[in-house]
Amino acid sequence: ILYMSEEHRPYSASYLILKKEGKFLLMKRKNTGFKDGMYSLVSGHVDEGENFKDAMIREAKEEVSIEIQKEELKTTNVIHRKSEGRTYVDIFFQAEKWEGRPENMEPEKCSELSWFRKEEIPENTVDYVEHVIEDLNTGMTYEEKGWK
């Protein structure tokens, strides 16, 4: 039996597309060492022993202080990507219902939390995040980014 070595095992990340009144919530990254100064979604790595939806629920609470029920998370995109020397499996979820008002709970990692209409998404948004938002109504998709 062959096992994947630790260096070849992909990282797993969950992303949350929050949509309210035709606008999407974006966070401007800072001091993370990855895409700082760019907008992205509420997101985070999946911890050992955690599934993608549980990770998303945890990250939503940690990053923007909202409570989301598992059944409210609708899978929109899966991206298998190579980035900055790592391989990732990214799962994107959309939620239109949650409890609480999103607020920046990690000011050391996020300099701004703002709502944008699709046509107003800032140019300095992480490319694959912008792509996912723009293609949101095309149904669930699987994509590969950064592979030859």
Side-chain angles (χ1 to χ4, degrees), residues 4-70 72-136 141-148:
M4 193 177 295
S5 70
E6 196 62 40
E7 68 180 286
H8 293 97
R9 185 169 293 147
Y11 291 83
S12 301
S14 289
Y15 289 77
L16 181 60
I17 302 164
L18 287 179
K19 189 176 180 186
K20 180 181 83 172
E21 299 169 3
K23 293 183 177 180
F24 298 92
L25 184 68
L26 296 178
M27 308 175 76
K28 193 172 190 183
R29 301 176 62 84
K30 79 171 188 183
N31 298 325
T32 67
F34 180 75
K35 308 282 187 190
D36 290 330
M38 299 189 81
Y39 288 93
S40 190
L41 299 165
V42 172
S43 62
H45 288 108
V46 178
D47 290 341
E48 186 66 37
E50 193 174 45
N51 65 52
F52 282 90
K53 282 190 173 183
D54 287 342
M56 194 70 276
I57 290 166
R58 175 182 52 77
E59 290 288 354
K61 188 172 181 70
E62 289 174 4
E63 292 185 7
V64 292
S65 188
I66 62 171
E67 301 270 349
I68 298 178
Q69 299 303 312
K70 216 171 199 176
E72 295 299 331
L73 293 173
K74 308 297 182 229
T75 308
T76 65
N77 298 70
V78 176
I79 299 177
H80 191 199
R81 93 184 140 87
K82 281 190 159 201
S83 175
E84 323 241 336
R86 291 182 170 178
T87 301
Y88 282 88
V89 174
D90 299 325
I91 308 282
F92 290 77
F93 299 102
Q94 182 174 356
E96 294 190 14
K97 289 183 188 174
W98 59 85
E99 291 179 34
R101 189 177 144 267
E103 55 184 295
N104 185 0
M105 301 305 288
E106 295 182 331
E108 70 284 356
K109 295 181 185 176
C110 171
S111 64
E112 182 186 322
L113 197 61
S114 300
W115 294 92
F116 296 95
R117 293 195 180 287
K118 190 184 280 195
E119 60 276 5
E120 300 169 339
I121 300 290
E123 283 186 27
N124 59 328
T125 298
V126 174
D127 59 349
Y128 58 89
V129 167
E130 183 177 8
H131 176 76
V132 164
I133 292 171
E134 288 187 4
D135 284 359
L136 205 52
T141 63
Y142 166 79
E143 296 179 62
E144 296 168 348
K145 302 270 185 201
W147 297 85
K148 292 181 181 165

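All residue numbers in this chain count up from 1 along the given sequence.
E50 CD to I57 CD1: the interatomic distance, rounded to the nearest 0.5 Å, is 9.5 Å. With rounding to the nearest 0.5 Å, the separation of CE in M27 from CD in E112 is 11.0 Å. The CG atom of D36 sits 6.5 Å away from the CZ atom of R29 when rounded to the nearest 0.5 Å. Once rounded to the nearest 0.5 Å, the distance linking CD of Q94 with CG of L73 reads 10.5 Å. One distance of note links OG of S40 with CZ of F34; it measures 7.5 Å at 0.5 Å rounding. Note that CD of E62 is 6.5 Å distant from CD of E106, once rounded to the nearest 0.5 Å.
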Start with the C-alpha gap between I133 and F116, add the side-chain angles, then the distance that decides, and say whether side-chain contact (heavy atoms from CB on, under 4.5 Å) holds. CA-CA 11 Å; I133 292 171; F116 296 95; over 6 Å; no
Candidate pair H45 and Y88, rule side-chain contact (heavy atoms from CB on, under 4.5 Å), full reasoning: CA-CA 10 Å; H45 288 108; Y88 282 88; 3.5 Å; yes
Apply side-chain contact (heavy atoms from CB on, under 4.5 Å) to E63 and L113, showing your working. CA-CA 10 Å; E63 292 185 7; L113 197 61; over 6 Å; no
Could you give me the CA-CA distance, side-chain angles and deciding distance for K53 and F93, then say whether side-chain contact (heavy atoms from CB on, under 4.5 Å) is met? CA-CA 8 Å; K53 282 190 173 183; F93 299 102; 3.7 Å; yes
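Among residues two or more places apart in sequence or in another chain, the side chain to side chain contact (heavy atoms under 4.5 Å, CB included) test is passed with E67 by K61, E99. Residues forming a side chain to side chain contact (heavy atoms under 4.5 Å, CB included) with E130 (at least two apart in sequence, or on another chain): I121, T125, E134.
For N31 (side chain) and E108 (main-chain N/O), a donor-acceptor pair under 3.5 Å exists by modelled atom type. The main-chain N or O of H80 is found under 3.5 Å from a side-chain atom of W147 such that the two form a donor-acceptor pair. For the pair E59 (side chain) and V42 (backbone), a donor-acceptor distance under 3.5 Å is absent. The closest donor-acceptor contact from the side chain of E72 to the backbone of Q69 lies at 3.5 Å or more, if one exists at all.
Summarising the geometry of M56 relative to S43, their closest heavy-atom pair is CE-CA, 4.2 Å, with the distance given to 0.1 Å. Of all non-hydrogen atoms in N104 and C110, the two that sit nearest each other are ND2-O, 2.8 Å. The shortest heavy-atom contact between W98 and A95 is CZ3-O, 3.5 Å. Scanning all heavy atoms of the two residues, the minimum distance from K30 to P107 falls at CE-O, 2.6 Å.
Checked for salt-bridge contact, E143 and K145 meet the test: a charged N lies under 4.0 Å from a carboxylate O.
When side chains are defined from C-beta on, N124 counts as touching K28, because their heavy atoms get closer than 4.5 Å. Under the 4.5 Å side-chain criterion, counting only non-hydrogen atoms from C-beta, L41 is in contact with L26. Side-chain contact between Y39 and V129: absent, with no pair of heavy atoms (C-beta onward) separated by less than 4.5 Å. Under the 4.5 Å side-chain criterion, counting only non-hydrogen atoms from C-beta, D54 is in contact with K70.
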Pair up each side-chain donor or acceptor in residues 14-24 with any protein partner under 3.5 Å, not counting sequence neighbours, and list the distances.
{"residue": "S14", "atom": "OG", "partner": "F52", "partner atom": "O", "Å": "2.8"}
{"residue": "Y15", "atom": "OH", "partner": "R81", "partner atom": "NH2", "Å": "3.3"}
{"residue": "Y15", "atom": "OH", "partner": "Y128", "partner atom": "OH", "Å": "2.9"}

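Residues H131 and D135 have side chains that bring a donor and an acceptor to within less than 3.5 angstrom of each other.
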